[in-house]
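Right, one structure below, let's go through it.
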Amino acid sequence: MTDKKPNLDLAYALESVQDNRNLYAAWAKDYETDFASTMDYILPNQVAKIFVELGGTGPVLDVGAGTGLAGQALSKLGINPIDALDLSGAMLEVALEKKIYRNFFTSDITQPIVTNNCSYQGIISSGTFTHGHVGPNAIDNLITVADDGAFFALSINKNHWIEKGFAKKFESLNGVIEKLLLHNVNIYGENSKGAHCNDIGIVATFWKA
């Protein structure tokens, strides 16, 4: 994995936890200039804006925080405190430099999540539910670390939504969550180019019952 220059096609092809760690360890330092800027990656801002407009508040857990783009967007909108969780320690090291996060956790969200007894009124995720090993069942683990009444804004690549059956998963959560809304958003801005420039994300917002 690391003998190739990291790119979006490689990211979409990820299948295992170790594949993810290898790719993002190699990509971490150049992620924002090599990908986010070049691809006009606007999804983190989209998720943060929806979270705030629909009443989300802190403390927030930024799931799949990466280098901190979504957390940075939240912070600019006045949300705090924010904790960061990601599979890649290398990405979190870059996020640390932004000085916007209170705590950092390295975790695979397909497994039970340990946050050292921190509690959250908000959970956001931008770009984690894309392809690869993170399917809809990981949502169960996110719900367990949220307070009752917590607000969620989770972005899911539209193709991944269809392929992995996210609609059926959310139906099964009836009674556990409430006020589910689905927002179609552009993942990339008007300056993006390439095969994925028109990709759509679904931002699922809901409250923990």
Do [X] and [Y] come close enough that some side-chain heavy atom pair is under 4.5 Å?
X: Phe105; Y: Cys118; value: yes
X: Asn184; Y: Val203; value: no
X: Leu43; Y: Val47; value: yes
X: Ile42; Y: Asn186; value: yes
X: Thr130; Y: His160; value: no
X: Thr106; Y: Leu87; value: no
X: Asn157; Y: Asp199; value: yes
X: Leu182; Y: Leu180; value: yes

So, [X] side chain and [Y] main chain: donor-acceptor pair closer than 3.5 Å or not?
X: Asp86; Y: Ser88; value: yes
X: Lys208; Y: Glu178; value: no
X: Asn80; Y: Ile82; value: no

Roughly how far, to the nearest 0.5 Å, is [atom2] of [Y] from [atom1] of [X]?
X: Lys98; Y: Leu96; atom1: NZ; atom2: CG; result: 10.5 Å
X: Gln46; Y: Ser126; atom1: CD; atom2: OG; result: 9.0 Å
X: Asn191; Y: Asp40; atom1: CG; atom2: CG; result: 4.5 Å
X: Leu154; Y: Ser125; atom1: CG; atom2: OG; result: 6.0 Å
X: Asp147; Y: Ile123; atom1: CG; atom2: CD1; result: 8.5 Å
X: Trp161; Y: Ile200; atom1: CH2; atom2: CD1; result: 14.5 Å

ask   = Restricting to pairs with a member in residues 179-191, which pass salt bridge (Lys or Arg N to Asp or Glu O under 4.0 Å), not counting sequence neighbours?
value = none
key: Residue pairs passing the salt bridge (Lys or Arg N to Asp or Glu O under 4.0 Å) test where at least one lies in residues 165-177, sequence neighbours excluded   =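 Qualifying pairs, neighbours excluded: Asp140-Lys169.
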Would you name the heavy atoms of [X] and [Y] that are closest together and state the gap between them?
X: Phe170; Y: Ile156; value: CE1-CD1, 4.2 Å
X: Pro44; Y: Ala73; value: O-CB, 4.2 Å
X: Gly127; Y: Ser155; value: N-OG, 2.9 Å
X: Ile187; Y: Gly201; value: CG1-N, 3.6 Å
X: Gly68; Y: Ala95; value: N-CB, 3.9 Å
X: Ala150; Y: Gly122; value: CB-N, 4.3 Å

task = Could you check Ile113, Thr128, Leu92 and say which one makes a side-chain contact (heavy atoms from CB on, under 4.5 Å) with Leu85?
result =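 One option only clears the test, and that one is Ile113.
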query = Is it the case that more than 12 heavy atoms not belonging to Asn174 sit under 6.0 Å from its CG atom?
reply = no
query = Will you find, in the side chains of Tyr120 and Asp83, an N or O donor that is under 3.5 Å from an N or O acceptor?
reply = yes
ask   = Are side-chain N/O atoms of Thr110 and Asp108 paired as donor and acceptor at under 3.5 Å?
value =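 Side-chain D/A pair, Thr110 to Asp108: present.
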For a quick test of your reading: what N or O donor-acceptor pairs under 3.5 Å do the side chains of residues 55-64 make, sequence neighbours left out?
{"residue": "Asp62", "atom": "OD2", "partner": "Gly71", "partner atom": "N", "Å": "3.3"}
{"residue": "Asp62", "atom": "OD2", "partner": "Tyr101", "partner atom": "OH", "Å": "2.6"}

query = Can Phe151 and Phe206 be said to form a ring-ring contact (aromatic ring centres under 6.0 Å, His included), step by step?
reply = CA-CA 6 Å; Phe151 182 65; Phe206 56 90; 7.9 Å; no
ask   = When the aromatic ring centroids of Phe166 and Phe129 are compared, is their separation below 6.0 Å?
value = yes
query = Is the distance between the ring centroids of Phe152 and Phe51 under 6.0 Å?
reply =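 Distance test on ring centres: not under 6.0 Å, no.
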query = Are Leu142 and Val114 connected, step by step, through hydrophobic side chains (Ile, Leu, Val, Met, Phe, Trp, Tyr) whose heavy atoms are closer than 4.5 Å?
reply =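 No, no single cluster joins them.
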ask   = Do Val185 and Ile202 pass the side-chain contact (heavy atoms from CB on, under 4.5 Å) test, and can you show the C-alpha distance, the side-chain angles, and the key distance before you say yes or no?
value = CA-CA 6 Å; Val185 299; Ile202 296 175; over 6 Å; no
